[in-house]
Amino acid sequence: MSDIKLELDKRKTKLEKKMQNIMAGYYIDAKMARQNNKKVAWITSGGPVEPLLAMDVIAVYPENHGAMIGASKMGVDLCEKAEAMGYSSDLCSYARADIACCTVNGGPIGGLPEPDMLVCCNNICGSVMKWYEVQARHFKVPLFIYDTPVCHTDYTPEMKRYVEAQTREYFQFLEHETGRKMDIDRLKEIGKNSVEGAQLWQETLDTTMSRPSPMTAFDAFFHLALIVTLRGTPQTLEYYRELRDLMKERSQAGIGAVPKETYRLLWDNLPIWHRMKWLSDKFAEHGACLVADTYTSAWCGIKRELNRDDVIASAAEGYTYSYLNLGTDKMAELVLTMVDKYQVDGIVMHSNRSCRPYSFGQYDLQKIVEREKGIPSLMIEADMVDDRSFSESQVATRIEAFIEMLRQRKGA
Amino acid sequence: MKHLEEFRQVVNQSFGYARQLKKDSGKKIVGYVCSYTPEEVILAAGAHPLRILGTKETIHLADSHLQSYCCSLVRGILEEGLSGRVDFLDGMVFPHTCDSVQRLSDIWRMNIPFGFHLDLILPVKLDTLSAQHYMVDVLQKFRTDLGRALQVDITDEALKKAIRTTNAIRQSIRAIYELRSRNPRLMTGTDLYTLVRASMIMDRDRLNILLAETVAELKVKADREKEDTSLKRIILAGGICNHPDIYPMIENAGGAVVWDDFCTGARYFTELIDEGAEPIARIAGRLINRVVCPAKHIDLDGRARHIIRLVKEKNARGVIFLLLKFCDPHAFDYPDIKKSMDEAGIPVMLLEIDDPIPAEGQLKTRFEAFLEML
Ligand code: SF4
Ligand code: SF4
């Protein structure tokens with residue numbers, strides 16, 4: 001048993017290295033784009049990237065960059081720079097960090113490669129549009145807005161017409177910017193890979209259904225980078241196949257991510273990038289495993305429609321009907337399904353000062369989950385990148401009190 | 001001013017007024033939260049549009065639904081709903097504007113038992129043909145949805161009549177703004193605020209008459225009175241202003257607000273609607289062409305150009321930006337607009353407003369310092 005564990009742990013470390021290498025290679029490629037006569041597009045995390053790949057445009061994600069800035073604890077410095085430029089400290093810290101980073105080429109990788117175009121899909125929030133407007137002025141490059149109307153209750157025929165028209169406009173925009181024709185067959189192929197990547201990612205996340213869970217949400221936050229930045233590439237598929245198999249083996253061998261898994265928890269909202277290790281240790285210490293989260297699973301849902309024959313219609317619906325673009329009650333329904341599916345004992349909610357669309361509605365979500373499933377929740381006040389308001393001692397105390405409550409409930 | 005007292009009463013007792021109006025006229029009352037709501041469609045349904053703008057009461061219910069980092073406008077609107085103070089409403093309309101209003105709509109729908117609930121998911125960008133088509137589509141849908149909720153058929157004729165009404169209202173308010181811009185002594189800033197605020201509350205037919213009479217009255221007054229050229233002419237910009245106390249502070253410091261770029265001010269009455277066939281398309285046309293709100297996209301520098309144009313046109317010496325705390329769309333725009341102002345040599349003061357606003361003494365000093373500089 002311990003032999004297997006050793007072997008699987010080794011493979012896990014190797015895979016993590018691989019991920020880091022893929023990401024490093026990806027950023028090097030992106031930075032060399034100019035030399036290689038390739039165009040660079042900046043795109044939002046939930047945006048339609050497949051057409052960019054089909055056009056050989058390198059897609060760069062300022063939000064992923066924001067996450068790296070947060071994880072390397074460079075967020076405060078950059079956020080303060082943005083504030084000195086006049087940006088309010090209440091704005092999304094991904095945006096603040098990115099806007100400041102462009103003026104100083106700072107951050108963990110010395111800034112992102114300059115964009116030739118910007119592609120902004122507002123299916124996650126309205127902040128991205130304002131942020132991309134700032135960047136369009138700064139870099140003086142064209143901005144394409146893929147406007148996905150909010151589906152509070154449904155995706156209406158009016159929306160469908162509008163978004164489908166925009167998919168066609170998006171193709172025209174790219175054709176104009178690259179001087180090439182959109183290759184629909186290639187796009188379909190990439191779309192297929194995207195769907196497969198999302199499926200593999202879902203299968204990976206689903207390995208946490210077993211007890212003990214072979215991975216935690218913190219692992220998922222780490223491994224997410226590829227499905228965000230390189231979905232639709234064969235490399236990504238291969239990576240997630242390996243990851244899924246590894247997690248399956250771990251679960252078959254009964255190897256848990258957390259020693260003596262006692263409590264299974266669900267995470268809501270973005271990760272707190274600057275306290276990943278700290279939080280992961282804190283929960284593990286108490287035998288609490290964060291088995292699932294609403295954030296990384298968002299990249300599974302988006303793709304549910306993408307494999308239909310009609311690329312335009314399926315992309316439009318897939319991208320519009322995405323998690324943060326739904327009504328709070330719809331989001332709650334999904335959370336309730338996850339509570340059952342992953343058999344969780346409680347929910348940890350990151351009330352994220354940076355992100356209003358994700359955070360407003362959490363109090364209602366909390367009440368719904370308590371009412372429908374009778375499980376308790378913990379609310380942690382933080383910000384995903386900017387750690388100025390984060391109090392370790394306060395959060396630690398609250399986590400301990402929460403675990404104590406779980407313990408008593410389990411005992412009862 | 002003859003009608004000022006009536007406007008004041010309406011503003012001070014807005015909900016009492018609306019309740020009474022409902023009782024007396026039998027009209028359905030439809031609340032809404034943003035100046036992109038097409039009032040014309042509500043009027044054409046025979047209902048009364050009432051804009052809800054935060055609250056003056058203490059917040060104690062909304063806090064269990066919204067975190068501390070939410071703007072006071074959204075928090076205040078929710079408080080009015082949860083407290084039942086607006087339970088006379090027959091329905092509420094939520095146009096999509098910012099992320100906070102997006103979630104407000106959900107929270108309202110999930111928690112407020114009275115009245116129907118309608119989302120109006122307008123396009124966020126306005127600069128493409130497909131967005132313009134969608135604008136028309138979604139207004140048609142709104143017409144159908146609202147008609148169903150109110151059980152009336154909203155006819156083209158009724159829409160055209162409503163358009164005539166709102167056009168007349170907008171023309172009158174603009175005329176008042178213009179008269180006052182020429183001679184700010186004609187009317188205090190607070191009174192102007194009261195008048196504009198009242199026009200979002202009051203029965204529109206009555207309002208129309210009162211405004212027309214006010215314009216006539218001010219014209220006579222303008223002819224008689226000499227302009228005061230000593231005043232430091234200021235433009236206010238930002239999201240909304242629900243703080244009439246700001247005006248006397250600026251005035252006492254020797255300034256005069258001669259125009260604004262608020263959605264509770266000039267943005268509300270700019271652009272008329274073409275009167276003619278296909279009224280819905282014409283309403284859509286106005287929503288696309290009116291001065292843009294930063295929660296929407298039409299171009300990259302239109303707002304900066306608009307404010308600079310206002311400064312020139314109105315012969316103003318500086319701009320005071322009132323930004324509501326936690327308002328993302330405005331906060332994102334501000335630094336680049338400020339840069340454009342600097343380049344154009346226009347002095348700018350920024351005031352971040354939270355509810356309640358900073359103590360009077362503190363604000364007074366800041367206004368004085370700014371006006372001194374001009
Ligand atoms: S964190 Fe929230 S506000 Fe910021 S870009 Fe992401 S979805 Fe938008
Ligand atoms: S636009 Fe700004 S002030 Fe208006 S509701 Fe949204 S956040 Fe609040």
Side-chain angles (χ1 to χ4, degrees), chain A residues 82 85-88 90-92 95 99 120 122 125-127 129-131 133-134 136-138 143 145 147-153 156-159 161-166 168-169 325-332 351-364 367-368 379 381, chain B residues 63-71 74 94 96-107 109-111 117 119 121-125 127-131 133-138 140-141 294-297 299-301 323 325-336 338-339 350 352:
Chain A
M85 291 164 73
Y87 291 94
S88 156
D90 299 317
L91 291 173
C92 164
I99 289 169
C120 170
N122 57 6
C125 66
S127 281
M129 190 185 78
K130 300 309 296 176
W131 168 10
E133 284 178 352
V134 171
R137 283 189 292 264
H138 178 76
L143 163 65
I145 297 172
D147 180 14
T148 48
V150 184
C151 306
H152 286 284
T153 46
T156 67
E158 295 80 18
M159 295 177 181
R161 270 198 297 280
Y162 177 37
V163 189
E164 287 178 10
Q166 290 179 82
R168 285 186 287 268
E169 287 160 9
N325 214 34
L326 305 178
T328 302
D329 41 354
K330 279 256 160 60
M331 291 164 77
S351 166
N352 184 357
R353 284 189 72 85
S354 257
C355 187
R356 291 179 236 293
Y358 218 144
S359 303
F360 294 166
Q362 269 179 324
Y363 290 168
D364 281 79
K367 279 170 228 151
I368 292 172
M379 192 73 75
E381 301 279 341
Chain B
D63 284 346
S64 56
H65 295 270
L66 287 165
Q67 288 93 327
S68 58
Y69 42 92
C70 173
C71 78
V74 161
F94 293 87
H96 175 72
T97 55
C98 64
D99 297 336
S100 306
V101 164
Q102 176 182 335
R103 289 298 171 227
L104 170 68
S105 164
D106 288 332
I107 296 172
R109 181 165 49 78
M110 291 160 65
N111 291 283
H117 173 284
D119 284 311
I121 314 297
L122 300 167
V124 171
K125 62 175 178 184
D127 58 337
T128 64
L129 214 56
S130 62
H133 288 154
Y134 175 65
M135 181 70 98
V136 176
D137 270 7
V138 85
Q140 282 298 2
K141 179 178 186 317
K296 307 234 168 282
H297 173 90
D299 56 16
L300 292 172
D301 58 354
L323 296 191
K325 191 157 172 63
F326 304 118
C327 173
D328 296 334
H330 279 281
F332 268 111
D333 270 4
Y334 176 72
D336 281 343
K338 164 88 165 71
K339 216 189 287 162
L350 170 65
E352 193 179 54

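Naming: A, B, ... by sequence-line order, numbering from 1 per chain. All values below were derived from every heavy atom in this structure, side-chain atoms included, with hydrogens, water molecules and symmetry-related copies excluded.
Electrostatic pairing of A/Lys130 and B/Asp328 does not count as a salt bridge here, judged by no charged N lying under 4.0 Å from a carboxylate O. Using a 4.0 Å cut-off between a side-chain N of Lys or Arg and a carboxylate O of Asp or Glu, A/Arg137 and B/Asp336 qualify as a salt bridge. Using a 4.0 Å cut-off between a side-chain N of Lys or Arg and a carboxylate O of Asp or Glu, A/Arg161 and B/Asp137 qualify as a salt bridge. Comment: A/Asp329 engages B/Arg109 in a salt bridge, judged by a side-chain N to carboxylate O separation of less than 4.0 angstrom.
Here the CG-OG distance, from A/Asp364 to B/Ser64, works out to 8.0 Å after rounding to the nearest 0.5 Å. Note that NE2 of B/His96 and NE2 of A/His152 are 7.0 Å apart. Values are rounded to the nearest 0.5 Å.
With a 4.5 angstrom heavy-atom cutoff, A/Thr148 does not touch chain B via any of its atoms. Looking at B/Ser68, the atoms closer than 4.5 Å to chain A (heavy atoms on both sides) all sit in the side chain, from C-beta outward. Of the atoms belonging to A/Lys367, it is side-chain heavy atoms, and not backbone ones, that fall under 4.5 Å from chain B. Proximity to chain A is limited to the side chain of B/Tyr334, based on heavy atoms less than 4.5 angstrom apart. Within the 4.5 angstrom heavy-atom criterion, only backbone atoms of A/Met85 (N, CA, C, O) approach chain B. The part of B/Asn111 that comes within reach of chain A is its side chain, from C-beta onward, which places non-hydrogen atoms under 4.5 angstrom from that chain.
Residues passing the salt bridge (Lys or Arg N to Asp or Glu O under 4.0 Å) test with B/Asp99: none are found, sequence neighbours excluded. Taking the salt bridge (Lys or Arg N to Asp or Glu O under 4.0 Å) definition, one finds that A/Arg168 meets it with nothing, sequence neighbours left out.
Shown here for B/Ile121 and A/Val150, the closest heavy-atom pair between the two residues is CG2-N, 3.5 Å. Listed here is the closest heavy atom pair of B/Gln67 and A/Ser359: NE2-O, 3.0 Å. Smallest separation of non-hydrogen atoms from B/Lys296 and A/Glu133: O-OE2, 4.4 Å. The two residues A/Phe360 and B/Leu66 have their closest heavy-atom pair at CG-CD2, 3.9 Å. Pairing each heavy atom of A/Tyr162 with each of B/Pro123, the nearest pair is OH-CB, 3.7 Å. Residues A/Glu169 and B/Lys125 come closest through the heavy atom pair OE1-NZ, 4.0 Å.
Other residues, nucleotides and ligands place no more than 12 heavy atoms under 6.0 Å from the NZ atom of B/Lys339.
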Residues A/Leu143, B/Leu300; criterion side chain to side chain contact (heavy atoms under 4.5 Å, CB included); working and verdict: CA-CA 9 Å; A/Leu143 163 65; B/Leu300 292 172; 4.3 Å; yes

From CA spacing to verdict: side chain to side chain contact (heavy atoms under 4.5 Å, CB included), A/Arg356, B/Arg103: CA-CA 8 Å; A/Arg356 291 179 236 293; B/Arg103 289 298 171 227; over 6 Å; no

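A donor-acceptor pair shorter than 3.5 Å cannot be found between the side chains of B/Tyr69 and A/Ser354.
Looking only at heavy-atom pairs under 4.5 Å with chain B, the residue among A/Thr156, A/Asn122, A/Ile145 that has the most is A/Ile145. When the candidates A/Gly327, A/Ala165, A/Ser88 are compared by the number of heavy-atom contacts under 4.5 Å with chain B, A/Gly327 comes out ahead. Taking chain B as the reference chain and counting heavy-atom pairs below 4.5 Å, the highest number among A/Ala136, A/Cys151, A/Gly361, A/Ser351 is found for A/Ser351. In terms of non-hydrogen atom pairs under 4.5 Å with chain A, the most contact-rich of B/Lys338, B/Glu352, B/Lys325, B/His133 is B/Lys325. Contact count versus chain A (heavy atoms, under 4.5 Å) is highest, among B/Ala295, B/Cys327, B/Cys70, for B/Cys70.
Counting heavy atoms from C-beta outward, A/Met129 and B/Phe332 have side chains that stay 4.5 Å or more apart.
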